[in-house]
Amino acid sequence: MATIAMDPSLSLQIGRGSNQHGAVPVKEEIQGVIKVYKDGHVERPQIVPYVTPALPPELGVTTKDFVIDNFTNVWARFYVPKSNWKLPLVVYFHGGGFCAGSAAWSCYHEFLGKLAAKAGCLIVSINYRLAPENPLPAAYEDGVKCLMWLKQEALKGSSEWWSKQCNLCSVFLAGDSAGANIAHNVTMRLNSKNLYPLTLKGTILIQPFFGGEARTNSEKNMVQSPRSALSLPASDTYWRLALPCGTNRDHPWCNPLGKGSAKMEEMKLLPTLVCISEMDILRDRNLEFCAALGKAGKKVEHVLYKGVGHAFQVLSKSRLSQSRTNEMIARVKAFVNR
């Protein structure tokens with residue numbers, strides 16, 4: 001969930017209160033990311049540049065934006081690498097706590113262009129509706145709609161520029177943070193859908209944004225710098241803004257291991273790759289999720305990336321983060337090309 005510390009002066013601190021939109025008090029705020037007023041007005045500072053689909057020619061990746069739904073303004077950015085053979089298709093959901101982020105953010109554009117080129121996959125990055133204006137399940141519904149749109153485009157054969165490069169029998173749902181949560185929940189919603197000619201093969205969950213009323217050790221004890229991409233107060237605020245009114249963090253959309261959630265054994269889940277960051281407050285919750293999948297007999301593998309925090313692959317330019325990002329891309333490549 002790319003909640004963002006691009007500028008050292010931006011500390012992601014939570015406020016409930018004092019700043020004003022006219023005479024209207026603030027209801028919820030994550031400084032530098034989102035401010036929600038009691039009259040429903042929402043402000044999102046432009047903390048990351050929005051970019052066009054263009055990529056450096058040497059990357060060898062063609063990009064285009066397509067409108068999926070004019071009514072909801074959901075659209076997608078396609079990344080199609082040059083290739084002499086058909087490539088796996090990865091449908092990707094960006095992070096941002098369900099409340100921020102865009103498929104046009106420069107950090108996602110750069111990461112997904114690199115992922116498409118180096119992992120050898122065609123990527124469709126979904127620009128879904130954001131909370132709190134569109135609380136969950138809006139993002140899940142947008143994800144399902146995008147898969148159905150891809151199905152229709154493949155059946156019509158009207159989008160040959162990407163479909164002729166695509167192995168429609170090798171489709172993966174992926175995302176980071178809130179986007180990984182969306183990928184997981186969209187996968188379950190697609191169980192009852194006929195996606196032919198698309199065949200889903202797996203999910204790739206990068207630092208999946210799950211929660212719960214009871215705190216894990218990493219949530220309680222992981223020391224975060226003021227520039228961290230995700231703090232515990234920010235996490236709680238995102239959930240208050242994204243979940244349906246009257247619910248808490250044990251809602252199944254937030255806590256897949258909670259009492260109100262379906263049993264893992266009964267879920268029809270795809271083979272899953274989970275990428276976890278050692279310095280992320282979500283670390284222990286992600287590890288518990290993987291353990292529960294394994295115990296339920298599901299195919300799951302996970303990788304723990306040492307020394308890096310939440311959303312390092314899109315937000316950090318340090319040498320260590322770049323090295324870990326390359327390791328992640330190599331693991332994703334192996335997963336989608338089995």
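Treat the numbers as computed from the prediction; the structure is a model and nothing was measured.
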Validation row: Leu89, Asn167 side chains within 4.5 angstrom (heavy atoms): no

Atom of Ser102, atom of Asn127 and distance for their closest heavy-atom approach: OG-OD1, 3.1 Å

Salt bridge Lys220-Asp284, side-chain N to carboxylate O under 4.0 Å: no

Pair Glu301 + Arg338: basic N to acidic O under 4.0 Å: yes

Heavy-atom closest pair, residues Leu320 and Gly307: CD2-O, 3.4 Å

Under-4.0 Å salt bridge between Lys317 and Glu110: yes

Atom CZ of Arg319 with >12 non-hydrogen neighbours under 6.0 angstrom: no

Arg324 side chain vs Lys306 backbone, donor-acceptor pair below 3.5 Å: yes

Heavy-atom donor-acceptor pair, Gln224 side chain to Asp280 backbone, under 3.5 Å: no

N/O donor-acceptor pair under 3.5 Å between His109 side chain and Ala54 backbone: yes

Salt bridge (Lys or Arg N to Asp or Glu O under 4.0 Å) between Glu219 and Arg249, worked out: CA-CA 14 Å; Glu219 288 170 344; Arg249 293 190 307 274; over 6 Å; no

Parallel, tilted or perpendicular: ring planes of Trp105 versus Tyr108, cut at 30 and 60 degrees: parallel

Atom NZ of Lys333: over 12 foreign heavy atoms under 6.0 Å: no

Side-chain donor or acceptor of Arg77 paired with backbone N/O of Ser125 under 3.5 Å: no

Minimum side-chain heavy-atom gap Leu190-Leu173 below 4.5 Å: yes

4.5 Å side-chain heavy-atom contact, Leu87 and Pro81: yes

Output a table of donor-acceptor pairs, distance under 3.5 Å, between side-chain atoms of residues 258-276 and any protein atom two or more places apart or on a different chain; print 'none' if there are none.
| from | atom 1 | to | atom 2 | distance (Å) |
| --- | --- | --- | --- | --- |
| Ser261 | OG | Asn255 | O | 2.6 |
| Thr272 | OG1 | Thr203 | OG1 | 3.0 |
| Thr272 | OG1 | Leu270 | O | 2.8 |

Donor-acceptor contact present, side-chain Gln313 to main-chain Thr325, <3.5 Å: no

Backbone N/O of Cys99 and side chain of Arg44: donor-acceptor pair under 3.5 Å: yes

Trp161 six-ring face occupied by Lys64 cation (under 6.0 Å, within 45°): yes

Check: Gly202 main-chain N/O paired with Lys299 side-chain donor or acceptor under 3.5 Å: no

Tyr79/Tyr92 aromatic ring centres below 6.0 Å: no

Exam field: side chain Ser83 to backbone Trp85, donor-acceptor pair closer than 3.5 Å: yes

Phe209 and Phe98 aromatic ring geometry - parallel, tilted or perpendicular at 30°/60° bounds: tilted

Residue pair Asp69, Arg129: steps toward the salt bridge (Lys or Arg N to Asp or Glu O under 4.0 Å) verdict: CA-CA 11 Å; Asp69 188 313; Arg129 289 173 291 169; over 6 Å; no

